[in-house]
J.: 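Below you will find the structure I want to go over with you.
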Amino acid sequence: MAKALYELTAECGRYPWGWSMCYMPGPQYYRAILSHLHPQEVDYLNGLQYEARIRSYLLGRYAAKTAASQLIGEQDLRQLQVKNGIFQQPLLVSGDGHRHPVSISHSGDVSAAVAFPAELQMGIDVEAFDEVNVAAVETQMTEREKVTVRKLPISYEKGLMMLWTAKESLSKAVKTGLTTPFSIYEINQIELRPTYMVSTHTYFTQYVTLSVLGHRYAVSLTIPKLARLPEAFGQECQAFLAKL
């Protein structure tokens with residue numbers, strides 16, 4: 001597991017946010033999460049039948065609670081409950097009734113989450129390279145994006161996966177999800193940094209997306225463009241992915 005408390009800084013203010021990533025390759029890890037669930041989450045879990053859904057539910061809840069714990073300082077994860085908003089967007093409710101926006105993603109045995117104050121909009125996405133149909137992903141990319149990816153010092157397939165996670169994390173930040181054509185999240189430029197890549201978007205110019213690539217997974221985080229880029233996140237996320 002990796003977790004941290006960061007701060008986005010901009011001319012308009014300073015905003016703390018929590019991050020967490022979990023790797024749990026097997027049911028023995030899932031059992032350990034049970035003691036951290038809110039009673040209502042336990043009730044919901046008991047109604048699930050399929051292992052894949054149980055795994056994604058536990059991984060997502062644990063990552064979201066851990067990220068929120070970094071943000072608000074609550075160490076007893078049983079006091080934190082992940083609920084859904086009107087568009088099914090996740091919200092974390094603390095023991096005192098306060099609601100905190102969160103973004104959650106999971107793929108394979110990995111989950112990722114960020115928790116942040118209401119003044120921010122953020123989104124995160126993680127994808128396992130071996131669980132996605134690259135040919136299908138390519139159909140969702142614009143010709144401009146395909147040209148951009150071929151210029152990167154990584155394989156074309158990994159580049160497509162990076163684009164996918166970047167666009168999906170943006171869709172979470174703006175709370176549309178995948179309900180709109182994927183082309184609306186088009187990436188028009190990618191800048192290489194030592195530990196991550198920075199993408200800008202054609203139509204959502206007020207956001208940038210940071211993408212970190214590992215051997216097996218890609219992670220993207222979308223933040224407001226006016227904020228300074230969180231260098232520490234790129235370093236710690238890269239270090240976590242290198243272990244998988």
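Bear in mind the structure is a predicted one, so any value in this text is a computation, not a measurement. Keep in mind that the numbers below use all heavy atoms, side chains included, and drop hydrogens, waters and symmetry copies.
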J.: Can you get from Met21 to Phe129 by hopping between Ile, Leu, Val, Met, Phe, Trp and Tyr side chains that sit under 4.5 Å apart?
T.: no
J.: For Tyr203, does the OH atom have more than 12 heavy-atom neighbours from other residues, nucleotides or ligands under 6.0 Å away?
T.: no
J.: So with a 6.0 Å cut-off around CZ of Arg150, is the heavy-atom count from everything else above 12?
T.: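 Counting neighbours around CZ of Arg150, more than 12 heavy atoms of other residues, nucleotides or ligands fall under 6.0 Å, so yes.
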J.: side-chain hydrogen bond (donor to acceptor under 3.5 Å, both in side chains) with Glu11: which residues, sequence neighbours excluded?
T.: none
J.: Flag the pair Arg61 / Ile33 as yes when at least one side-chain heavy-atom distance between them is below 4.5 Å, and no otherwise.
T.: no
J.: Can you find a side-chain donor-acceptor pair between Gln235 and Tyr196 that sits under 3.5 Å?
T.: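 Result is no, nothing qualifies.
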J.: Are Tyr57 and Leu77 connected in a single hydrophobic cluster, I mean Ile/Leu/Val/Met/Phe/Trp/Tyr linked by side-chain heavy atoms less than 4.5 Å apart?
T.: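 Cluster IDs for Leu77 and Tyr57 match.
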J.: Mind checking the CG-OG1 spacing from Leu221 to Thr209? Nearest 0.5 Å is all I need.
T.: 8.0 Å
J.: State, to 0.1 Å, how close Ser220 and Ala166 come at their nearest heavy-atom pair, and which atoms those are.
T.: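 That would be OG-N, 3.2 Å.
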J.: Is there a donor-acceptor pair under 3.5 Å between the side chain of Ser107 and the backbone N or O of Glu127?
T.: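 Judged by distance alone, no pair lies under 3.5 Å.
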J.: Tell me the closest heavy-atom pair linking Thr165 and Met162, and the distance in Å.
T.: OG1-O, 2.9 Å
J.: Answer with yes or no whether the side chains of Ser171 and Thr176 bring together a donor and an acceptor at under 3.5 Å.
T.: no
J.: Decide whether Thr222 and Ser169 meet the rule of one side-chain donor and one side-chain acceptor closer than 3.5 Å.
T.: yes
J.: Has Ser69 got a side-chain atom pairing as donor or acceptor with Lys65's backbone, closer than 3.5 angstrom?
T.: no
J.: With a 4.5 Å cut-off on side-chain heavy atoms, are Glu231 and Arg193 touching?
T.: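 With C-beta onward as the side chain, the pair touches.
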J.: Sub-3.5 Å donor-acceptor pair from the side chain of Gln121 to the main-chain atoms of Ala173, do we have one?
T.: yes
J.: Is the number of heavy atoms from other residues, nucleotides or ligands within 6.0 Å of OH (Tyr23) greater than 12?
T.: yes
J.: The criterion is salt bridge (charged side-chain N to carboxylate O under 4.0 Å, His left out); which residues satisfy it with Glu236, sequence neighbours excluded?
T.: none
J.: Excluding sequence neighbours, so at least two apart, what forms side-chain hydrogen bond (donor to acceptor under 3.5 Å, both in side chains) with Gln140?
T.: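 Gln140 satisfies side-chain hydrogen bond (donor to acceptor under 3.5 Å, both in side chains) with no residue once adjacent residues are dropped.
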J.: Group every Ile, Leu, Val, Met, Phe, Trp and Tyr by side-chain heavy-atom contacts under 4.5 Å, then state whether Met24 and Val126 land in the same group.
T.: no
J.: Using the six-membered ring wherever Trp is involved, compare the ring planes of Tyr6 and Trp19 and label them parallel, tilted or perpendicular (cut-offs 30° and 60°).
T.: tilted
J.: Of the non-hydrogen atoms in Ala63 and Ser20, which two are nearest, and what is the gap between them?
T.: O-CB, 3.5 Å
J.: Leu91 and Pro101: which non-hydrogen atoms are nearest, and at how many Å?
T.: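 Smallest heavy-atom distance, with atoms named: CD2-CA, 4.2 Å.
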J.: Would you indicate whether the side-chain heavy atoms of Leu163 and Val137 approach each other to under 4.5 Å?
T.: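 They are not in contact (no side-chain heavy atoms under 4.5 Å apart), so the answer is no.
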J.: Could you check whether any side-chain heavy atom of Tyr62 comes within less than 4.5 Å of a side-chain heavy atom of Met1, counting everything from C-beta outward?
T.: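 Result yes, sub-4.5 Å side-chain heavy-atom pair found.
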J.: Measure the OG-CG distance between Ser56 and Leu48 for me, rounded to the nearest 0.5 Å.
T.: 8.0 Å
J.: Rounded at 0.5 Å granularity, tell me how far OG in Ser105 sits from CG in Leu59.
T.: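 The OG atom of Ser105 sits 10.5 Å away from the CG atom of Leu59.
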J.: Using modelled atom types only, decide if a donor and an acceptor are shared between the side chain of Gln89 and the backbone of Phe87 within a distance under 3.5 Å.
T.: yes
J.: Below 4.5 Å, heavy atoms only, C-beta onward: do Asn188 and Arg144 meet side chain to side chain?
T.: yes
J.: Between Glu41 (side chain) and Val82 (backbone), is there a donor-acceptor pair under 3.5 Å?
T.: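 Side chain of Glu41 to backbone of Val82: a pair is present.
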J.: One thing to verify: whether Lys167 and Asp125 come together as a salt bridge, which I'm taking to mean a side-chain N less than 4.0 angstrom from a carboxylate O.
T.: no
J.: Rounded to the nearest 0.5 Å, what separation is found between the OG1 atom of Thr200 and the OH atom of Tyr207?
T.: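 One gets 15.0 Å once the value is rounded to the nearest 0.5 Å.
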J.: Please report the interatomic distance CG(Leu58) to NE2(His36), rounded to the nearest 0.5 Å.
T.: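 If I round to the nearest 0.5 Å, the distance is 11.0 Å.
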J.: Please tell me if the side chains of Tyr185 and Thr180 come closer than 4.5 Å, counting only heavy atoms from C-beta onward.
T.: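 Yes, side chains in contact.
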J.: Does any part of the side chain of Met197, heavy atoms only, come nearer than 4.5 Å to the side chain of Leu152, both counted from C-beta?
T.: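 Result yes, sub-4.5 Å side-chain heavy-atom pair found.
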J.: I'd like to check the side-chain hydrogen bond (donor to acceptor under 3.5 Å, both in side chains) partners of Gln40; sequence neighbours left out, ordered by chain and number.
T.: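 With sequence neighbours excluded, Gln40 shows a side-chain hydrogen bond (donor to acceptor under 3.5 Å, both in side chains) to Gln81, given in chain and number order.
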J.: CD of Gln28: more than 12 outside heavy atoms within 6.0 angstrom?
T.: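 Yes - once you tally the heavy atoms of other residues, nucleotides and ligands closer than 6.0 Å, there are more than 12.
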J.: Grab the two heavy atoms, one from Phe240 and one from Cys22, that are nearest each other, plus how far apart they are.
T.: CZ-C, 4.1 Å
J.: I'd like to know if the side chain of His100 reaches the main chain of Leu92, judged simply by a donor and an acceptor atom lying under 3.5 Å from each other, with no hydrogens or angles considered.
T.: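 A pair under 3.5 Å: no.
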J.: Does Lys3 NZ have over 12 foreign heavy atoms under 6.0 Å away?
T.: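 Result for NZ/Lys3: open.
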J.: Pair Ile124, Val219 - check side chain to side chain contact (heavy atoms under 4.5 Å, CB included), show working.
T.: CA-CA 7 Å; Ile124 196 166; Val219 178; 4.3 Å; yes
J.: Members other than Tyr50 in its cluster, when Ile, Leu, Val, Met, Phe, Trp, Tyr link by side-chain heavy atoms under 4.5 Å?
T.: none
J.: Between atom NE2 of His201 and atom NZ of Lys225, what is the distance when rounded to the nearest 0.5 Å?
T.: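 One finds 10.0 Å between NE2 of His201 and NZ of Lys225.
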J.: Under a single-linkage definition using a 4.5 Å side-chain heavy-atom cutoff for Ile, Leu, Val, Met, Phe, Trp and Tyr, are Ile223 and Val174 assigned to the same hydrophobic cluster?
T.: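 The answer is no; the residues belong to distinct hydrophobic clusters.
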J.: Is there a path from Ile104 to Ile54 through hydrophobic residues (I, L, V, M, F, W, Y) whose side chains come within less than 4.5 Å of each other?
T.: yes
J.: Please check this pair: side chain of Ser103 against backbone of Val114, looking for a donor-acceptor N/O pair closer than 3.5 Å.
T.: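 Such a contact is absent between Ser103 side chain and Val114 backbone.
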J.: May I ask you to check whether Thr142 and Glu186 show a side-chain donor-acceptor distance below 3.5 Å?
T.: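 Their side chains do contain a donor-acceptor pair, which is all the 3.5 Å distance test asks for.
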J.: Is the closest side-chain heavy-atom distance between Leu37 and Leu34 below 4.5 Å?
T.: yes
J.: Could you list who else is in Val93's hydrophobic cluster, with ILVMFWY side chains joined at under 4.5 Å, directly or through other members?
T.: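 ILVMFWY cluster around Val93 holds nothing else.
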J.: Looking at every non-hydrogen atom in both residues, tell me the closest pair between Thr195 and Gly234 and how far apart they are.
T.: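 Residues Thr195 and Gly234, closest heavy atoms: OG1-C, 3.5 Å.
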